[in-house]
There are 2 protein chains.
Amino acid sequence: MSRTSSKAVPAEASGVPVQPEIRSLSGTGSLSIAGVAEQAGVSVATVSRVLNGHENVRPATRDKVLAAVDASGYRVNELARNLRTAESRLLLTMVPDVGNPFYAEIVRGIDSVARQHGYFMLLCDTGADPGRERSYFDLLRRRRADGAICLDPATIQQALGEASHALPWVACCEFDPSVRVPYVGIDNYRAAGDAVRHLLARGHRRVGLINSDVDYLYARQRQQGYLDALTDAGIAPDPAWRMNLNSLDYEAGASAAVTLTQQTHAPSAIFAVSDTLAIGVIHGLRSVGKRVPDDVAVVGFDDISLAAQIDPPLTTIAQPMRELGETAARLLLQRLANPLANVPGVLLPHRLVIRGSA
Amino acid sequence: MSRTSSKAVPAEASGVPVQPEIRSLSGTGSLSIAGVAEQAGVSVATVSRVLNGHENVRPATRDKVLAAVDASGYRVNELARNLRTAESRLLLTMVPDVGNPFYAEIVRGIDSVARQHGYFMLLCDTGADPGRERSYFDLLRRRRADGAICLDPATIQQALGEASHALPWVACCEFDPSVRVPYVGIDNYRAAGDAVRHLLARGHRRVGLINSDVDYLYARQRQQGYLDALTDAGIAPDPAWRMNLNSLDYEAGASAAVTLTQQTHAPSAIFAVSDTLAIGVIHGLRSVGKRVPDDVAVVGFDDISLAAQIDPPLTTIAQPMRELGETAARLLLQRLANPLANVPGVLLPHRLVIRGSA
DNA sequence: GTGAAAGCGCTAACAT
DNA sequence: ATGTTAGCGCTTTCAC
């Protein structure tokens, strides 16, 4: 022992085994509830009661315990508590891409209500990869998380649903009606229609659609909304006006825009299903010398904070991102509190925000 | 009991307490390791050995166990494992703002390395609030996380450092040299100098600085780099050219730009310490009819993916965001594996990326 | 190679 | 109001 210079451990130095010292060094160096109980001269049950704010504790006793906790700097070992109470107090959130500002804002909404209810959020970026998704989902079975919020494509949810409709999870933004699971989202069909009708009202007849992968329910719904809005206006949608991308990155939107406008009878307006895509579209258009909105009008989707900052400011469909996240978290918490009650699906309102791009 | 229709529980129906059935339904309905052991006809120790890939198990026995696991759909309860092994396998990441694309990319780097090593990431948005920060940090003491990566301001880190230089955490981007903790970052002083020297080379003499809060170490270092670069070029920096903001939002940059260029002898170039700020600056400039880079040149910092997409494309200092995150995670893991070894601080290279804005 | 049994630190009956 | 005690489900000596 090299601790001979220490002057506060005479008993230890003399070879006598001393309970308190030993106890306080147990495990990984931190004190356990038993140590606090000892220091306070009470039982572990009483310490536990004080720690958990139970009623049946005399004020004097409570003070003794609190003093001991304070003096020792004790912190409850939540690993033990979690095992005992059989809950991890963690909420799993699965996102296709944390880097997308749209998802980032939803995640914040989730996080804020989770924390408000004593839960922490385990954030997992799935990259929309079914394999990764599935392995994350397994965290529920392994009890590492109490529940999950899934923002991934409906196709994936379907697979999850089969395997585990019994597990506590809810769908956010994406949801497959055939999977019986609580969800929150918006009316993508109507929203897309609103976007297209705005373009129509501006006099456009050839309206392009830059869509994401049809794995996403929203992609299918928005496409249908786009198609029907056009048809309703007496326009026969040309398949050449449509593109499906497997990315929402700026670059993807940029090159799609170039392709789309390079053809004869090219669209005079483009509806992109994401603001990030739309921003890329504007960039791509500019790179081939087209002016927005004069040569080509552009409308996006989401209304991320960036939308108002670019040139020209983006006309877009606003989604209540924060509320989407908050609602998802609340639905999940509700499900956790009462596993039997069947939680309803909820649709939040969207809004057309008209700026300079269309 | 309403389970009379079940035909597989005769003993239970006859009132005899039966271990297996009761066990397999214990807890929250899922099977425990004891149940698997029973089904496989081995002891729990053996099941545990198989599950953890230990050597000393006969192939035949291993197969029996694996079969039982498969048949029962058993999943290990990590709450129990965590208590037993005294580790949570969670890494805490504290970020001032997940919504900022710069941090989002770093977070991805952390996550990828963490997962690669069997850890999950607990992401916490602190909003740069010392109170929230401190409470998150407490998760380490409560054993909910094994280690932490802090991207928050140095002032906060200082407070944390005092309270807990013994706790396993590392600093990323922000670090206070006086706090003895492993860190990874870039040379902000030189990077800022590079940005300013680029502007100088373009013939600018009046260079403005839009900085964030001086709570941030990077803000102080970049300001010094800016000041010294100017002075070295024989220019006396005018305090009226500088602004400090407490936000990195687009809007903050926009209004700052307006203020800065509204004065007489306004800067002909602006160095903003973040791309988000710089994008706001360009927007703000445009709103008062100034052209970039003709009337005012702009250089940003970070090189988020958006930087290349806006009009004009942003000239900026690129930070290796992904590597920053990956390195931080590796440093932390290193520290966890060997608590005694003193991990060094590491500085990663930056790079001036010249595009259209300056 | 396999099993029995001791705990990890906590909460919650159940006593008193 | 407080104490005693039995586990939660797992890993890990220590026997055999």
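Per chain, numbering begins at 1; letters A, B, ... match sequence-line order. Every value quoted in this text rests on a predicted model; they were computed, and no experiment measured them.
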Does the distance from a Lys or Arg side-chain N to an Asp or Glu carboxylate O, for [X] and [Y], drop under 4.0 Å?
| X | Y | value |
| --- | --- | --- |
| A:R141 | A:D138 | yes |
| B:R89 | B:D146 | no |
| B:D97 | A:R108 | yes |
| A:D63 | A:R58 | no |

* Structure fact -> Rounded to 10°, the angle between the first-five-pair and last-five-pair axes of the helix from C:dG1-D:dC16 to C:dT16-D:dA1 is 40°
* Remember a base hit wins even if backbone is also touched, and classify B:T46 as base, sugar-phosphate or nothing at under 4.0 Å, heavy atoms. => sugar-phosphate
I want to check one thing: is the phosphate of [N], taken as OP1 and OP2, less than 4.0 Å away from some side-chain N or O of [X]?
| X | N | result |
| --- | --- | --- |
| A:S43 | D:dG3 | yes |
| B:T85 | C:dC8 | no |
| A:S48 | C:dT11 | yes |

* B:I33 versus B:S48: any side-chain heavy-atom pair under 4.5 Å? -> yes
* **Side chain proximity check, A:I110 to A:L91, heavy atoms < 4.5 angstrom** => no
* Asked: When you measure from every atom of DNA chain D, which of residues 69-84 of chain B have a heavy atom less than 4.0 Å away?
  -> B:Y74, B:V76, B:N77, B:A80, B:R81, B:R84
Interatomic distance, [X] [atom1] vs [N] [atom2] [rounded to whole Å]:
| X | N | atom1 | atom2 | value |
| --- | --- | --- | --- | --- |
| B:N56 | C:dG3 | CG | P | 13 Å |
| A:R142 | D:dG9 | CZ | P | 17 Å |
| B:R141 | C:dG9 | CZ | P | 18 Å |
| A:R144 | D:dC10 | CZ | C1' | 14 Å |
| B:E38 | C:dA4 | CD | P | 12 Å |
| B:H54 | D:dT11 | NE2 | C1' | 8 Å |
| A:L31 | C:dC8 | CG | P | 14 Å |
| A:K64 | D:dA1 | NZ | C1' | 11 Å |

* Mapping A:V47 and B:P59 onto DNA chain C by nearest heavy atom, which one lands closer to the 5' end? -> B:P59
* To do: Evaluate the side-chain contact (heavy atoms from CB on, under 4.5 Å) criterion for residues B:Y119 and B:L336: first the C-alpha distance (whole Å), next the side-chain angles of each, then the deciding distance (0.1 Å), finally the verdict.
  => CA-CA 12 Å; B:Y119 285 81; B:L336 252 26; 4.2 Å; yes
Can you tell me which nucleotide in [options] comes closest to the side chain of [X]?
| X | options | result |
| --- | --- | --- |
| A:A45 | C:dT11, D:dG3, D:dC10 | D:dG3 |
| A:R49 | C:dG1, C:dG3, C:dC14 | C:dC14 |
| A:N52 | C:dT2, C:dT11, D:dT4 | C:dT11 |

* Looking at CG of A:N82 and OG of A:S88, how far apart are the two atoms once the value is rounded to the nearest 0.5 Å? -> 6.5 Å
* Asked: Between B:W169 and B:F137, how do the two ring planes meet: parallel, tilted or perpendicular, split at 30° and 60°?
  -> perpendicular
* Mind running salt bridge (Lys or Arg N to Asp or Glu O under 4.0 Å) on A:E78 and B:R143 for me, showing each step along the way? => CA-CA 6 Å; A:E78 302 207 20; B:R143 317 244 143 220; over 6 Å; no
